[in-house]
Amino acid sequence: MDYLQLQQEIESLIITNDDELKNANNLAKRVNKAIKEVKADHKEEIAKYNLLHKEAKAKEKKELAPLEKGKEIIKKAIGDYMKELEKKQIEEKEEADLFGLETPTTEKPNLNGTHIRKVWKARIIDESKVPVYHGKMCLRDINMSLLNDIAKYSQGKEKIEGVEFYQEETVVIRWRT
């Protein structure tokens with residue numbers, strides 16, 4: 001099929017009567033046929049690229065698996081240590097307050113972007129007690145996304161029967177090269 005000629009016919013298309021409408025309809029059918037031909041011409045080549053892409057992604061995933069696991073181990077170790085430091089600082093402050101002493105100033109190590117992110121979330125503890133509406137917000141079917149937003153914006157202070165708000169801590173590391 002001559003695609004250049006087809007393109008010229010499309011660009012010069014004007015419909016002002018029934019015969020031109022029929023010609024346009026036939027032109028549309030020829031365009032659909034041309035589209036199918038082009039797709040058929042490239043189908044095998046695209047299938048090869050898709051297979052190569054799939055194989056490459058599988059290799060990448062296999063190579064990344066131990067690194068991702070290692071990253072999680074490091075994040076947990078850092079998080080445990082940072083939480084212990086925070087706990088120690090709170091205990092020192094409470095002790096200083098108890099005895100009327102000056103609060104010790106413990107310097108935190110500068111880790112250039114590594115910190116603990118505290119995220120408020122919701123957990124259903126008794127679905128039967130969760131109200132259908134909370135204010136103007138519909139919660140039924142239980143809308144966990146909306147409940148997590150309420151947890152986040154109220155920082156766990158909002159009270160909804162059947163729902164418990166809690167804070168989850170995750171270590172965030174900004175990996176810079």
Side-chain angles (χ1 to χ4, degrees), residues 32 35-36 38-39 42-43 45-177:
N32 279 340
I35 289 171
K36 287 179 184 176
V38 169
K39 287 185 176 189
H42 296 281
K43 185 177 182 175
E45 183 180 11
I46 290 170
K48 286 179 189 176
Y49 285 122
N50 285 337
L51 180 62
L52 285 172
H53 180 261
K54 191 175 180 178
E55 289 171 355
K57 291 300 281 183
K59 286 179 186 176
E60 176 190 55
K61 184 177 179 179
K62 185 178 179 181
E63 289 178 34
L64 285 175
L67 297 171
E68 294 291 348
K69 184 176 181 182
K71 186 169 121 177
E72 290 306 313
I73 291 169
I74 293 167
K75 285 173 69 172
K76 183 183 180 328
I78 290 172
D80 290 348
Y81 181 78
M82 290 175 78
K83 287 175 194 174
E84 193 59 39
L85 273 181
E86 189 175 310
K87 182 180 171 186
K88 185 178 177 184
Q89 287 174 339
I90 290 169
E91 288 171 355
E92 287 174 353
K93 184 185 181 323
E94 288 173 351
E95 191 175 306
D97 290 347
L98 182 67
F99 294 110
L101 303 171
E102 188 175 315
T103 304
T105 54
T106 310
E107 290 244 352
K108 290 183 180 180
N110 181 2
L111 299 176
N112 294 326
T114 298
H115 60 282
I116 292 179
R117 176 183 293 152
K118 297 179 180 184
V119 180
W120 281 99
K121 294 192 173 189
R123 175 186 301 122
I124 302 299
I125 52 177
D126 186 348
E127 189 172 331
S128 67
K129 292 182 179 178
V130 177
V132 175
Y133 285 93
H134 180 73
K136 294 182 179 180
M137 297 174 283
C138 180
L139 301 177
R140 291 281 179 133
D141 294 325
I142 305 298
N143 185 335
M144 288 306 296
S145 177
L146 184 56
L147 286 172
N148 284 330
D149 284 346
I150 292 169
K152 178 180 176 181
Y153 293 114
S154 74
Q155 293 189 333
K157 294 177 184 146
E158 194 72 39
K159 301 291 182 219
I160 299 176
E161 196 170 345
V163 179
E164 171 188 59
F165 294 113
Y166 66 98
Q167 192 175 59
E168 189 175 272
E169 296 180 350
T170 58
V171 174
V172 178
I173 299 175
R174 294 214 163 95
W175 303 94
R176 296 185 181 116
T177 54

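Counting from 1, the numbers follow the sequence of the chain as shown.
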Closest heavy-atom pair, F165 versus I150, reported as atoms and distance to 0.1 Å, is CZ-CG2, 3.8 Å
How many angstroms lie between NZ in K75 and OG1 in T170, if you round to the nearest 0.5 Å?
-> 6.5 Å
Sub-4.5 Å side-chain heavy-atom contact between K88 and E92 | yes
Over 12 foreign heavy atoms within 6.0 Å of CD, E68 | yes
Side-chain donor or acceptor of H53 paired with backbone N/O of L51 under 3.5 Å = no
Looking at side-chain heavy atoms only, is the closest gap between V38 and H42 below 4.5 Å?
-> yes
Go through the steps for L139 and V163 under the test side-chain contact (heavy atoms from CB on, under 4.5 Å), then give the verdict.
-> CA-CA 11 Å; L139 301 177; V163 179; 5.9 Å; no
Could you list the donor-acceptor pairs under 3.5 angstrom formed between side-chain atoms of residues 119-137 and any protein atom two or more places apart in sequence or on another chain?
residue, atom, partner, partner atom, Å
K121, NZ, E168, OE2, 3.2
R123, NH1, E164, OE1, 2.5
D126, OD1, S128, N, 3.2
D126, OD1, S128, OG, 2.7
H134, NE2, E158, OE2, 3.0

Within-4.5 Å side-chain heavy-atom neighbours: E60 and K57 = yes
Spacing of E94 atom CD and T103 atom OG1 [to the nearest 0.5 Å] | 10.5 Å
From NZ (K36) to CG (N32), nearest 0.5 Å | 6.5 Å
Donor-acceptor contacts, no H, no angles, side chain residues 80-87, under 3.5 Å, sequence neighbours left out:
residue, atom, partner, partner atom, Å
D80, OD2, K76, NZ, 2.8
E86, OE2, K118, NZ, 3.1

CE of M144 to CG of L146: how many Å apart, nearest 0.5 Å?
-> 10.0 Å
